[in-house]
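Fair warning: this is a prediction, and the values are worked out from it, not measured in the lab. Only this structure's heavy atoms are used, side chains among them; waters, hydrogens and symmetry mates stay out. Counting begins at 1 with the first residue of the sequence.
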Amino acid sequence: DEATRAGTYVAAAADGREAIVAAMRQGDRRIEHEALLAEDEIEQIQKYGGYLVATPARFFHPAGIEKSASKSPAIMQRLLAARETQDRVMPIALRSGLKVALGSDNMHGLLSHDAGCLVRWGASPTAALHAATGMAAEAAMLADRGVLVAGRRADPRAWICRGSRK
């Protein structure tokens, strides 16, 4: 309620159905970094009109968690489990219509890697670009930016995407 009165929102790094439901019921707008998302949690985020703000580079890029986890078998095992979960659930989330935005608050400079993960999970390149721009702006309540439309703020960038084409 306080966030709404102040004209802002709350974001949560909630993990697990119970925490996600509690966060959404309390008015949290965004679930951040969720690595162990389950299918029923997708439905809960959608039910409350929320956004999943994904940061896959932290889990999949060698400079992310892997860099420090390589010295700890226990952490590496948890990282591999998180990767498997994301590879299984994110395609379902994308097909379901869940509002997925890409967050840039974690692995700075690797937003194109994040977008590449979305494409690998089944998003079109256009949808991945939208997740990094317009959807991210919408999730952050910054509706005046994030898309190339007359009257809106823009800071266009160009990405060079490398990878195999099917």
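Residue pairs satisfying the ring pair (Phe, Tyr, Trp, His ring centres under 6.0 Å) criterion with at least one member in residues 83-119, sequence neighbours excluded, are listed as follows: H61-H113. Within the structure, every pair that satisfies the salt bridge (charged side-chain N to carboxylate O under 4.0 Å, His left out) test and touches residues 48-66, not counting sequence neighbours, is listed here: E66-R83.
Partners of A127 under the side chain to side chain contact (heavy atoms under 4.5 Å, CB included) rule, at least two apart in sequence or in another chain, are A123, S124. Annotation: side chain to side chain contact (heavy atoms under 4.5 Å, CB included) contacts of A35 (sequence neighbours excluded): F59, A82, Q86. Under the rule for a side-chain hydrogen bond (donor to acceptor under 3.5 Å, both in side chains), Q44 has no partner lying at least two apart in sequence or in another chain. Under the rule for a side-chain hydrogen bond (donor to acceptor under 3.5 Å, both in side chains), the partners of S96 that lie at least two apart in sequence or sit in another chain are Q46. In terms of the side chain to side chain contact (heavy atoms under 4.5 Å, CB included) criterion, residue partners of E39 (sequence neighbours excluded) are, by chain and number, R88, I92. Under the side chain to side chain contact (heavy atoms under 4.5 Å, CB included) criterion, A38 pairs with D40, E41, not counting sequence neighbours. By the ring pair (Phe, Tyr, Trp, His ring centres under 6.0 Å) test, Y48 pairs with no residue at all, sequence neighbours left out.
Between the D114 side chain and the A57 main chain, a donor and an acceptor come within less than 3.5 Å of each other. With hydrogens and angles ignored, the 3.5 Å screen pairs no side-chain donor or acceptor of K99 with any backbone N or O of A139. R30 places no side-chain N or O within donor-acceptor distance of the main-chain N or O of L52, the cut-off being under 3.5 Å.
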- Task: Go through T126 and H130 one step at a time and tell me if the side-chain contact (heavy atoms from CB on, under 4.5 Å) criterion holds.
- Result: CA-CA 6 Å; T126 301; H130 181 65; 5.7 Å; no
- Message: Under the criterion side-chain contact (heavy atoms from CB on, under 4.5 Å), I'd like the reasoning laid out for R120 against D87: C-alpha separation, chi angles, the key distance, then a yes or no.
- Response: CA-CA 9 Å; R120 184 169 57 83; D87 281 341; 2.8 Å; yes
- Given L98 and E43, is the side-chain contact (heavy atoms from CB on, under 4.5 Å) satisfied, shown in steps? CA-CA 8 Å; L98 178 66; E43 296 168 7; over 6 Å; no
- Message: One pair to check against side-chain contact (heavy atoms from CB on, under 4.5 Å): M90 and L118. What are the steps and the verdict?
- Response: CA-CA 8 Å; M90 285 303 294; L118 290 186; 4.2 Å; yes
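In this structure, Y51 shares a hydrophobic cluster with M135, the cluster being traced through Ile, Leu, Val, Met, Phe, Trp and Tyr side chains under 4.5 angstrom apart.
For the side chain to side chain contact (heavy atoms under 4.5 Å, CB included) with L102, the lone residue among L129, L110, L111 that qualifies is L111.
Looking at I31 and V53, their side chains never come closer than 4.5 Å, going by heavy atoms from C-beta outward. Residues V89 and I42 form a side-chain contact, since some pair of their non-hydrogen atoms from C-beta on lies under 4.5 Å apart.
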Check residues 67-81 and write down every donor-acceptor pair under 3.5 Å in which the side-chain atom is one partner and the other belongs to a residue at least two apart or another chain.
| unit_1 | atom_1 | unit_2 | atom_2 | d |
| --- | --- | --- | --- | --- |
| S68 | OG | I65 | O | 3.2 |
| S70 | OG | K67 | O | 3.2 |
| S72 | OG | I75 | N | 3.3 |

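Nearest heavy atoms, P125 versus V119: CA-CG2, 3.9 Å.
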